[in-house]
Every structure is written in structure tokens, then in C-alpha cells.
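Take a look at the following structure, please.
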Amino acid sequence: MSGLPAGPAAPTLVCAFVVTRTPPDAAALAAATGHEEGGPLRVLRAGGLCLVVQDVPAALFDQEALAERLNRPGDLERCARAHHRGVEAAHGRGPVVPLPMATLYRGDRTAKRAVTSRETVLDALLDRLRDRTEWAVKVHAAERAADAAAGSGAGAGADTGGRAYLSRASARRRDRQDAHGRALAEAEAVDAELRRYAVAAVRHRPQSERLTGRRAPQLLNIAYLVDDAERARFTRALARIAADGRHPAVEVGVSGPWIPYSFARWDEAPDRTGQDRAGQDRTEQSLPDPDRTGQDRTEQSLPDPDRTGQDRAGQGARS
């Protein structure tokens, strides 16, 4: 055993995952893991609220190191999954406000001050999210319709002259435009029907074909905030849409229920509904949940003048 005195501890930052009123069960918190490079998850009390946090090494989570890591898809996915585990540790004992991935503070005091300075807003948001969950709905153009439009006019007629070629190309272009217009109209009709059963809806930027793995374009990528009491009606509406054949130009996919990441915004009025965030800061690469690819939050978090500023480092990974 060495008789040398221990050296100074490596500097750390405080990574914050979620705000809640009720601290997680101690055993559940001890069993949960956040970032594999960090220490155990713990609870910080801030006024009447609680933060679930983790001490992480500054060398791996400072602005430069984190931006580099989040530009690598594998590391981005690992960070996103770790963030979700931290959020899940607090979920189940009441509403939670998930913070953006990689929300970092210099220390406990700074993290607590960030929460207490916004306690009124966070309280209102927790009230709004109580007994509500998020459902993710993605509407694609039907692949059979897209294929039909792409192939229309091909090989028609025996005339191979320049005028005939231009006529066929123009007809194919009109067919594609008409098919896309029909699909968009049907996608909007699906959204209008589902909003009848939702408290609020947020439009995310549609995902690229590279991410969806589908040839047909994604037309709508929407999150719905649904009261638990309305869940059965919402899912029945989805089943009707899939079964009744009223929207043959689109295909509708759904996943949920999820922790309401898309609605956990401290910088909006708590009664605001029907938001459209298609143009806001998001990445397409990874999510805090394995089944929610493409909606990672990189939006603004709790403000504090002493923050390290790294909670938005993920923007460097934007595709």
C-alpha cells in the first residue's frame, strides 16, 4: 500500500437530467445508471423541487470534448441513452420535466440556483404534465402510391422523339406533384383528427430518408400530449385511421406512451397548445429513448449566468 498522499481529485461538472417535485425512490436511484464515465445518480433539493444529477469528469464533458463526442454518432447515441436513463430514474413518482441532453453546471450551488430562479415556471409546467404522456406519430407517403407516381408514363407509346419524351417527362412530373399534394392533404387530415384527443401537439422536422430507411418521404413528425384519461380514445382514433381506408395516400406509424420530452419547455406559457417547432434547434441523430429516433432535444434549458454553456453542445451534430 502506497504511503504517498492522495493527489487532488479530478475536476468534475454536474450533469442535470430532470426536475421533479418528488425525489426518486432511493433504491431505484441507486440501481439506475447515467453516463458510464460519471458517479452515481443523486438528488439535489432546490426550494420545493428536486434535481436528479450526476458528477461527470470535466475532461470528458467540457465544451470542446463534448462537442467532439456528440459529433460521433455512436457517442451521441450513448449519451442520449444515458440521459434517458437519468430521466427515467425520476419518472413514476409524479410528473417530471426532462432537461435537454448534456445540461451541465459548474457545481451544486449553480445547479440549484438555476432551478430556484425558475421555480414558479417549473411548478406550472409540472402541473401541466401531470397524468399526461407523449405519443409520437410519423406520417409517410404510402410507398405504393409513390412508386406508382414515379413509374407513371414510363414506356408509354412507341414514339421516342424529343417532343414525346418531353411530354412524358412533364406528365410524370405532374403525377408526382399531384400524388405529393394528395398525401400532404391526407397527412393534415390525420393530424386534425388526432388533435381532437390531445391537449397539445408539436411538429418536429420530418426525418430524412437516411434516418427512416424508407423510400417514401416522411410528411409529418408530430408529438401529441395526451391526458391519460383520453388515451383509449386517442389509440382508437389511430386504429380507425389505419383500418378505414380513408387515407390511402399515407401510412401512419405511432409509438408511445413516452415521457413528455417535447412538451417540457420552461420558456413557454404553461397553457400554450398547438405549438409548431419544425424550425427549432433539433438534431436528427439520436434520442433519449431507443424507439424514438430522430428527436433529440438540443433546445434552451434553465438559464444561469454561471453555467458552462455546454448544454447546447449537441448542436454541432446537426445534420
Side-chain angles (χ1 to χ4, degrees), residues 16-24 43-53 83-84 86-101 103 111-112 114-137 191-204 221-235 237-238 254-282 287-289 292 295-304 311:
F17 297 93
V18 66
V19 175
T20 181
R21 290 195 183 102
T22 307
V43 174
L44 279 181
R45 292 191 177 271
L49 301 176
C50 299
L51 266 172
V52 173
V53 302
H83 180 77
H84 184 63
V87 173
E88 276 194 317
H91 187 245
R93 301 192 71 181
V96 298
V97 175
L99 299 178
M101 185 175 69
T103 297
K112 288 190 286 188
V115 172
T116 55
S117 67
R118 303 292 295 179
E119 187 167 0
T120 301
V121 173
L122 288 164
D123 262 325
L125 187 51
L126 286 164
D127 286 339
R128 184 185 183 224
L129 298 179
R130 182 188 294 119
D131 299 324
R132 292 170 173 169
T133 51
E134 177 172 334
W135 292 76
V137 175
D191 177 41
E193 183 165 354
L194 293 177
R195 283 177 188 254
R196 295 167 54 195
Y197 308 101
V199 175
V202 171
R203 292 193 179 197
H204 301 302
N221 181 8
I222 304 182
Y224 297 92
L225 185 65
V226 179
D227 276 324
D228 290 348
E230 289 291 300
R231 180 181 300 181
R233 295 181 67 200
F234 182 81
T235 54
L238 282 164
V254 61
S255 61
W258 307 115
I259 298 168
Y261 283 93
S262 298
F263 303 91
R265 288 183 58 96
W266 61 268
D267 55 346
E268 288 179 349
D271 60 348
R272 183 175 176 185
T273 59
Q275 304 100 318
D276 186 338
R277 295 189 201 148
Q280 297 209 8
D281 293 334
R282 297 201 162 266
L287 239 199
D289 190 280
R292 295 282 314 281
Q295 295 173 16
D296 168 42
R297 295 182 61 85
T298 58
E299 295 166 348
Q300 189 174 5
S301 178
L302 299 167
D304 191 281
D311 58 311

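In what follows, every heavy atom counts, from backbone to side chain, and hydrogens, waters and symmetry copies are set aside.
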A side-chain contact here means heavy atoms from C-beta on lying under 4.5 Å apart; do Pro23 and Arg45 qualify?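 Result yes, sub-4.5 Å side-chain heavy-atom pair found.
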Can you list everything that forms a salt bridge (charged side-chain N to carboxylate O under 4.0 Å, His left out) with Arg21? Sequence neighbours excluded, please.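 Salt bridge (charged side-chain N to carboxylate O under 4.0 Å, His left out) check on Arg21 returns Asp123, Asp127.
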Minimum heavy-atom separation for Gly86 to Val52, with atom names?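 Scanning both residues completely, I find the closest heavy atoms to be O-CG1, 4.0 Å.
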Do the non-hydrogen side-chain atoms of Phe263 and Arg128 ever get within less than 4.5 Å of each other?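 Result yes, sub-4.5 Å side-chain heavy-atom pair found.
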With Trp135, the ring-ring contact (aromatic ring centres under 6.0 Å, His included) member among Tyr224, Phe234, Trp258: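 Single pass found, and it is Phe234.
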Atom pair CG (Asp131) and CZ (Arg231), whose distance is rounded to the nearest 0.5 Å: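 That separation rounds to 10.0 Å.
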With Tyr197 via ring pair (Phe, Tyr, Trp, His ring centres under 6.0 Å) - residues at least two apart: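 Residues passing ring pair (Phe, Tyr, Trp, His ring centres under 6.0 Å) with Tyr197: none at all.
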Given Leu129 and Ile259, is the side chain to side chain contact (heavy atoms under 4.5 Å, CB included) satisfied, shown in steps? CA-CA 9 Å; Leu129 298 179; Ile259 298 168; over 6 Å; no
So Val97 and Leu49, side chain to side chain contact (heavy atoms under 4.5 Å, CB included) or not? Walk me through it. CA-CA 11 Å; Val97 175; Leu49 301 176; over 6 Å; no
Sub-3.5 Å donor-acceptor pair from the side chain of Glu119 to the main-chain atoms of Gly47, do we have one?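 Side chain of Glu119 to backbone of Gly47: no pair is present.
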Can you name the nearest heavy-atom pair linking Leu99 to Val19, along with the distance?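 So the minimum-distance heavy-atom pair works out to CD2-CG2, 4.2 Å.
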Are side-chain heavy atoms of Val137 and Leu238 found at a separation under 4.5 Å?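 A side-chain contact under 4.5 Å exists here.
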Going through the checks in order, is the side chain to side chain contact (heavy atoms under 4.5 Å, CB included) test met by Asp191 and Arg203? CA-CA 10 Å; Asp191 177 41; Arg203 292 193 179 197; 2.9 Å; yes
